[in-house]
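Only this structure's heavy atoms are used, side chains among them; waters, hydrogens and symmetry mates stay out.
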Amino acid sequence: MQPLKDAFSSPEQQAKENSVDPILKDKTKANRTAIRLASQRWTRRQRQAAGVLLFVLLVGIITTSYWADRTGRIQLWRLQGIIWLEHQLADRGLALPHIEVAGLGFTSHDEVRTALAAFDLEPLIKFSPKTTKLRLENLAWVENATVQRKWPSTLRIWLNEREPIAILHENGEAFVVDQEGEIIIEANPEMIRSFPNVSGNGAAAETPRLIRVLTKFPEIYSAFVGANRQTDRRWDLYLAPGVEVKLPATDLVGGLERLQGLIDSDDILTKEITSLDLRGRRAVIFR
């Protein structure tokens with residue numbers, strides 16, 4: 001049975017098809033093969049060229065980065081990028097927040113901005129008040145913080161700072177003690193030079209109570225310059241102009257009342273004495 005093509009072809013067409021020169025067929029096949037091989041070679045060359053270009057690009061990036069880092073250009077480009085992005089965010093109503101801070105004392109504006117990661121390029125909508133609060137309360141002087149977003153672009157912050165009451169001297173180092181008797185590890189004692197100096201075993205924890213009791217005796221408190229905690233039982237006070245007062249271990253208030261009585265009756269702090277021992281029933285004065 002003949003194929004359909006042959007069945008419906010005229011005798012003339014069949015004769016024409018059968019008369020195609022076999023040599024021409026071979027040439028056509030060879031040309032197609034040559035074109036295919038040339039295409040493969042061109043594709044291979046493209047891949048090689050792309051590889052070389054990629055290598056040159058990587059070398060250029062590494063060289064440029066090294067040069068930019070050595071010359072400080074990276075910081076300049078970073079700043080320019082920040083400014084550009086700020087403008088883009090502002091145009092879209094997502095500007096970086098304007099920060100309003102209340103309660104600053106020992107804490108600086110720079111510390112607040114660093115804690116907020118203000119240069120992370122985050123718009124106000126991405127700020128988490130809870131996370132921001134925790135960041136702020138990790139600052140040395142901050143006891144607690146309140147954070148409030150005010151749309152569209154304001155961040156309000158209220159800080160309650162820890163209150164320094166004394167400088168603790170321990171093992172040749174100085175630390176700031178707050179109103180709770182806690183040491184503010186990162187605080188600089190140079191910031192509160194005029195505060196009283198304390199030392200001794202258990203001094204930090206007991207200093208708040210000592211200060212509270214002393215404030216009830218204004219005349220003594222005004223002369224108070226420091227104290228040394230003895231065996232975590234009692235205090236030796238140091239009063240201007242250079243008087244040491246040994247207080248009893250079991251009755252701090254009673255010892256100060258006795259001292260106030262001596263001030264009222266004999267103006268004891270103006271006398272030429274070096275030490276006053278109030279631990280016994282009778283005061284012992286050393287000149």
Side-chain angles (χ1 to χ4, degrees), residues 103-108 140-144 159-287:
L104 285 178
F106 296 101
T107 307
S108 68
W141 287 98
V142 178
E143 183 174 8
N144 55 69
L159 299 181
N160 182 24
E161 292 190 328
R162 298 165 70 175
E163 180 187 348
I165 59 173
I167 301 174
L168 173 68
H169 294 269
E170 188 174 77
N171 299 324
E173 295 187 80
F175 305 94
V176 178
V177 179
D178 71 2
Q179 75 275 17
E180 301 297 329
E182 299 291 334
I183 296 175
I184 308 176
I185 298 296
E186 298 179 3
N188 183 6
E190 294 295 320
M191 300 177 71
I192 56 169
R193 289 184 178 182
S194 61
F195 281 67
N197 297 277
V198 297
S199 60
N201 187 24
E206 291 297 322
T207 295
R209 178 173 180 265
L210 175 64
I211 298 296
R212 286 195 299 271
V213 175
L214 282 172
T215 55
K216 298 177 181 179
F217 302 89
E219 197 168 357
I220 299 174
Y221 187 56
S222 64
F224 175 58
V225 294
N228 183 32
R229 184 76 176 169
Q230 299 291 339
T231 63
D232 200 13
R233 295 181 64 250
R234 65 174 195 83
W235 289 101
D236 287 345
L237 297 186
Y238 300 101
L239 307 178
V243 180
E244 179 187 46
V245 180
K246 297 181 182 296
L247 295 173
T250 58
D251 191 4
L252 175 62
V253 175
L256 291 173
E257 288 176 342
R258 291 178 66 192
L259 176 58
Q260 185 63 54
L262 291 172
I263 293 174
D264 294 338
S265 60
D266 298 325
D267 204 9
I268 195 71
L269 296 182
T270 63
K271 309 296 183 181
E272 292 184 0
I273 65 173
T274 58
S275 180
L276 180 62
D277 191 342
L278 300 176
R279 291 176 294 177
R281 291 187 176 182
R282 297 186 60 181
V284 180
I285 298 174
F286 297 90
R287 299 184 181 276

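Separation of atoms CD1 (Ile184) and CD (Glu143) is listed at 9.5 Å; rounding is to 0.5 Å. Note that the CD atom of Gln230 and the CG atom of Leu247 stand 11.0 Å from one another [nearest 0.5 Å]. For the atom pair CZ (Arg234) and OG1 (Thr250), the distance works out to 11.0 Å, reported to the nearest 0.5 Å. Here the CZ atom belonging to Arg279 is positioned 14.5 Å from the CG atom belonging to Asp251, to the nearest 0.5 angstrom. The CD atom of Glu161 sits 12.0 Å away from the CG atom of Asp178 when rounded to the nearest 0.5 Å. Note that the CG atom of Leu276 and the CZ atom of Arg258 stand 8.5 Å from one another [nearest 0.5 Å].
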Can you list, pair by pair, the side-chain donor-acceptor contacts under 3.5 Å of residues 196-203, counting residues two or more places apart and other chains?
residue: Asn197; atom: OD1; partner: His169; partner atom: NE2; Å: 2.6
residue: Ser199; atom: OG; partner: Asn228; partner atom: OD1; Å: 3.0

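Between Ala187 and Val176, the shortest heavy-atom contact is CB-CG2, 3.9 Å. When all heavy atoms of Phe195 and Pro164 are compared, the pair lying nearest together is CE2-O, 2.8 Å. Across all their heavy atoms, Ile220 and Leu239 have their closest contact at O-CD2, 4.0 Å. Here the closest non-hydrogen pair linking Gly181 and Pro208 is N-CG, 3.3 Å. When all heavy atoms of Pro189 and Ala174 are compared, the closest pair comes out as CG-O, 3.4 Å. The heavy-atom pair separating Leu168 from Ala204 by the smallest distance is CD2-CB, 4.1 Å.
Residues Leu237 and Leu214 form a side-chain contact, since some pair of their non-hydrogen atoms from C-beta on lies under 4.5 Å apart. Within the 4.5 Å cutoff, side-chain heavy atoms of Ile211 are placed close to those of Phe224. A 4.5 Å side-chain heavy-atom check between Lys246 and Ser275 finds at least one atom pair inside the cut-off. Looking at heavy atoms from C-beta onward, Arg209 lies in side-chain contact with Leu252 at the 4.5 angstrom threshold.
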Review point. Going through the checks in order, is the side-chain contact (heavy atoms from CB on, under 4.5 Å) test met by Trp235 and Thr207?
Key: CA-CA 10 Å; Trp235 289 101; Thr207 295; 3.9 Å; yes
Exercise for review: Go through the steps for Val245 and Leu256 under the test side-chain contact (heavy atoms from CB on, under 4.5 Å), then give the verdict.
Suggested key: CA-CA 10 Å; Val245 180; Leu256 291 173; over 6 Å; no
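With hydrogens and angles disregarded, a donor-acceptor distance shorter than 3.5 Å links the side chain of Asn188 to the backbone of Glu190. Not a single donor-acceptor pair under 3.5 Å links the side chain of Glu206 to the backbone N or O of Arg229. Of the possible donor and acceptor atoms, one in the side chain of Gln179 sits under 3.5 Å from a partner among the backbone N and O of Glu163. In this structure, Thr107 contributes its side chain and Leu104 its backbone to no donor-acceptor pair below 3.5 Å.
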